[in-house]
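Predicted, not measured: the structure shown is a model, and the values here were computed from it. Sequence lines set the chain letters: A, B, ... in the order given, protein chains first and strands last, and positions in each chain run from 1.
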Amino acid sequence: MAGSGGPPEEARGPDENEQVRQRREKLSRLREAGEDPFRITAFPRTHLAAEVVAAFASLQGEEVSVAGRLTARRRHGKATFLDLLDGSGRIQLLLRENNLGEEAYRKAGELDVGDIIGVRGGVVRTRTGEVTVEAAEVTLLAKALRPLPEKWHGLKDVELRYRRRYLDLIANPESRRIFQVRSRAVRAIRNYLDRRGFLEVETPILQPIPGGALARPFITHHNALDRDLYLRIASELYLKRLIVGGLERVYEIGPTFRNEGISTRHNPEFTMLELYQAYADYQAMMELFEGVVAHAAQEALGATRVERDGETIELAPPWRRIKLLDAVQEYAGVAPEDLLDPERARAVCAEKGLPAEEGTPVSTLINNLFEAFVQPKLVQPTFVFDYPTIISPLAKARPDRPELAERFEPFIAGLELGNAFSELNDPEEQRRRFQEQVAMRAQGDDEAHPMDEDYLRALEYGMPPTGGIGLGIDRLVMVLTGSPSIRDVILFPQLRAEKSD
RNA sequence: GAGCCGUUAGCUCAGUUGGCAGAGCACCGGACUUUUAAUCCGGGUGUCCUGGGUUCGAGCCCCAGACGGCUCACCA
């Protein structure tokens with residue numbers, strides 16, 4: 001094979017097939033003719049596909065240059081229609097032997113679907129009314145050696161969609177749309193916060209003490225310092241140090257890592273918005289949260305309503321607000337007084353078919369009830385508030401009921417979208433909470449919060465009363481795009497190795 | 001980590017009771033100068049996920065494994 005003018009053996013990939021072989025041979029012939037497409041470094045594009053279509057009235061008869069990927073071909077002898085896909089969308093090209101000449105038309109016939117091409121030509125409308133570039137010159141800018149997925153069904157195989165996202169983006173317009181919505185939503189959030197005087201900052205991703213949340217971290221190692229570091233599970237404690245430092249409104253949008261299971265709602269690395277506002281409490285955070293989300297939806301989708309499972313979700317404020325225990329009563333039918341005593345609470349859970357082993361803390365029982373009976377019902381945006389202090393070690397307790405924290409979690413479409421509270425700024429109380437967590441860690445709870453003396457020292461310098469929010473960007477995008485899986489809104493979700501050796 | 005389902009051509013998918021591996025698109029050859037899932041004629045290009053086993057014979061049955069999806073468990 002290698003001797004028949006084909007490409008050298010070592011240039012081939014491991015999964016060659018007939019179509020790839022043919023394309024490699026075409027590339028070889030081009031190179032032998034001194035027309036190696038990969039030597040071209042630029043193409044003077046004058047218009048995007050969408051621009052040509054949108055400005056047809058003024059461009060008709062004018063010459064334009066467009067470039068992109070050849071995604072379809074319809075041959076009619078001495079005329080051929082091509083579909084060109086660029087970053088803005090699709091435009092049709094018309095190649096005619098009359099215009100190109102016999103030789104150029106023949107060479108254009110050697111193009112393959114998937115090739116990257118540049119075309120110079122006049123803007124016309126075809127007999128069927130489609131805006132089209134009638135080519136005067138066609139340039140191959142990059143050869144596609146592999147065939148594209150099928151044009152009609154696109155790329156359906158979810159594993160291939162995740163592993164080869166580039167193919168998904170080429171073949172499935174909906175996938176392109178999702179990531180455009182995601183980008184617009186994030187930009188809208190930044191604009192919204194910037195306009196309200198927030199400062200965007202970056203805090204360490206490599207942290208010596210992984211705090212700010214209750215979760216297992218990834219461990220890594222710095223060679224020069226010869227010490228283990230952790231990939232952050234939250235940016236919380238660093239951002240609050242900035243509040244101490246007088247940056248009174250700060251936020252960060254960035255990757256966060258939790259060493260836990262993977263599911264349709266969890267990726268080991270995800271994007272979180274965290275923000276902190278001095279002199280505000282969790283009530284103010286509710287208003288800020290619903291404002292951020294509604295604005296993101298408006299800017300990304302042009303509407304505050306989204307469809308999901310045939311139901312319309314209205315994201316415009318105000319959202320419903322309900323106390324955790326009231327929600328449990330409403331949806332699970334369990335009276336708050338039944339949850340005061342651990343024995344009665346366990347009996348109620350057992351009755352409902354939930355695990356209720358001896359010694360299970362009431363807070364866990366409440367959480368189980370909530371997740372089983374309440375959370376799936378919270379389709380419209382809902383703030384659930386007043387969580388047990390024991391599971392909120394960084395939140396300020398309610399002055400009147402210290403067993404409850406000034407904390408809320410927002411839910412949309414049954415998804416937990418974030419977490420927020422009035423930040424605990426009493427350094428002595430924070431130390432007691434940390435000690436409580438350290439004791440739980442000693443009991444084997446490896447998600448309990450570690451002690452962080454430097455954070456306590458910062459609080460000892462004085463932090464104003466502060467409200468804070470964490471918002472899962474990926475999950476918000478799931479809501480905005482109606483995506484059932486978090487993998488649909490993360491460009492390269494975590495998967496197992498493709499091949500095991 | 002557990003349960004259920006899936007893996008067949010480049011892509012989307014059929015494959016009957018265990019009996020020569022199939023279709024559409026893509027691709028290759030031919031016709032065609034305004035089509036848009038173009039059309040018409042001709043051509044199947046394959047590690048049936050992998051490794052064992054049963055059988056005269058395995059895509060199909062059995063066992064083990066890989067990868068993926070969904071559900072559950074922990075979390076945002």
Side-chain angles (χ1 to χ4, degrees), chain A residues 14-23 25 71-83 90-100 105 112-114 124-130 132 134 144-164 167 170-172 212-216 233-234 236 256-274 355 364 367-368 371-372 391 409-411 415-420 445-447 469-476 478 484-487 493 495-501:
Chain A
D15 54 346
E16 297 288 87
N17 60 52
E18 179 64 18
Q19 292 190 46
V20 176
R21 193 185 58 74
Q22 287 160 0
R23 286 166 181 239
E25 284 172 2
T71 57
R73 173 167 50 198
R74 296 173 291 281
R75 293 182 195 253
H76 301 266
K78 291 173 180 168
T80 298
F81 291 95
L82 304 176
D83 287 348
R90 189 200 78 106
I91 189 162
Q92 178 170 267
L93 310 174
L94 172 57
L95 275 47
R96 298 203 308 149
E97 195 182 274
N98 282 2
N99 296 343
L100 289 168
Y105 187 78
D112 288 303
V113 170
V124 299
R125 207 190 269 281
T126 62
R127 197 173 285 170
T128 54
E130 177 153 356
T132 298
E134 191 167 356
L145 296 177
R146 293 175 181 270
L148 252 34
E150 200 241 4
K151 62 185 172 190
W152 189 243
H153 298 93
L155 188 67
K156 286 276 179 53
D157 184 316
V158 284
E159 183 173 357
L160 281 180
R161 288 186 50 225
Y162 299 150
R163 287 196 195 278
R164 306 189 194 172
L167 284 185
I170 293 167
N172 298 323
L214 305 180
R216 270 188 290 270
I233 57 173
E236 171 151 356
T256 306
F257 309 83
R258 298 191 182 172
N259 204 343
E260 282 153 2
I262 297 175
S263 77
T264 49
R265 289 171 293 281
H266 302 85
N267 196 61
E269 56 184 302
F270 61 102
T271 301
M272 189 156 61
L273 160 71
E274 285 198 50
T364 304
N367 193 48
N368 290 345
E371 286 186 4
I391 55 170
E409 292 194 348
F411 293 86
L415 271 178
E416 183 182 343
L417 243 68
N419 189 16
D445 182 354
D446 48 8
E447 289 185 7
I469 285 177
L471 189 167
I473 296 290
D474 314 274
R475 288 188 179 174
L476 174 61
M478 288 172 70
S485 170
I486 200 166
R487 298 180 201 101
L495 299 176
R496 287 175 197 273
E498 200 169 349
K499 281 173 188 160
S500 64
D501 298 274

Over all heavy atoms of both residues, which pair between [X] and [Y] is shortest? Give the atoms and the distance, please.
X	Y	value
A:F270	A:F257	CE2-N, 4.5 Å
A:H76	A:R74	CD2-O, 3.3 Å
A:R496	A:R163	O-NH1, 2.9 Å
A:V113	A:R73	CG2-N, 4.3 Å
A:E97	A:Y105	N-CD1, 3.6 Å
A:L155	A:A171	N-CB, 3.9 Å

Measure CZ/A:R73 against C1'/B:U39 and give the value in whole Å, please.
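Answer to the nearest Å: 16 Å.
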Under 4.0 Å between any heavy atoms, over every strand shown, what does [X] touch: base, sugar-phosphate, or nothing? Just pick one.
X	result
A:E447	sugar-phosphate
A:G470	nothing
A:Q92	base
A:N267	base
A:R216	nothing
A:L417	sugar-phosphate
A:R125	nothing
A:G77	base
A:T80	nothing
A:L415	nothing
A:T264	sugar-phosphate

Rounding to an integer number of angstrom, what distance separates [N] and [M] when you compare their [atom1] atoms?
N	M	atom1	value
B:A58	B:G51	P	14 Å
B:A9	B:A21	P	15 Å
B:G59	B:A66	P	23 Å
B:C27	B:G15	P	27 Å
B:A64	B:A2	P	13 Å
B:G43	B:U35	C1'	25 Å
B:G42	B:U47	C1'	29 Å
B:G10	B:C48	P	11 Å

State which of [options] makes the closest approach to the side chain of [X].
X	options	value
A:K151	B:C28, B:U33, B:A26	B:A26
A:E371	B:C28, B:G68, B:C74	B:C74
A:Q22	B:C28, B:G68, B:U35	B:C28
A:R96	B:G69, B:U33, B:C74	B:U33

Considering Watson-Crick and G-U wobble pairs with both distances under 3.5 Å, what does [N] pair with?
N	value
B:A2	B:U71
B:A37	none
B:G46	none
B:U7	B:A66
B:G57	none
B:C13	B:G22

Under a 4.0 Å heavy-atom criterion, the protein footprint on nucleotides 7-15 of chain B, written with B, S and -, is ---BBS---
For RNA chain B, whose closest nucleotide is more 5', that of A:A72 or that of A:V113?
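With A:A72 and A:V113 compared, the 5'-side residue is A:V113.
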Using heavy atoms to find the nearest nucleotide of RNA chain B for A:P484 and A:P268 separately, return the residue whose nucleotide is more 5′.
A:P484
Does A:M478 form a side chain to side chain contact (heavy atoms under 4.5 Å, CB included) with A:D474? I'd like the steps, not just the answer.
CA-CA 6 Å; A:M478 288 172 70; A:D474 314 274; 5.7 Å; no
Can you confirm whether A:N419 sits close enough to A:E409 that some side-chain heavy atom of one is under 4.5 Å from a side-chain heavy atom of the other?
yes
Under 4.0 Å: is that the gap between some side-chain N or O of A:R74 and OP1 or OP2 of B:U35?
no
Does A:R23 put a side-chain nitrogen or oxygen below 4.0 Å from OP1 or OP2 of B:C27?
no
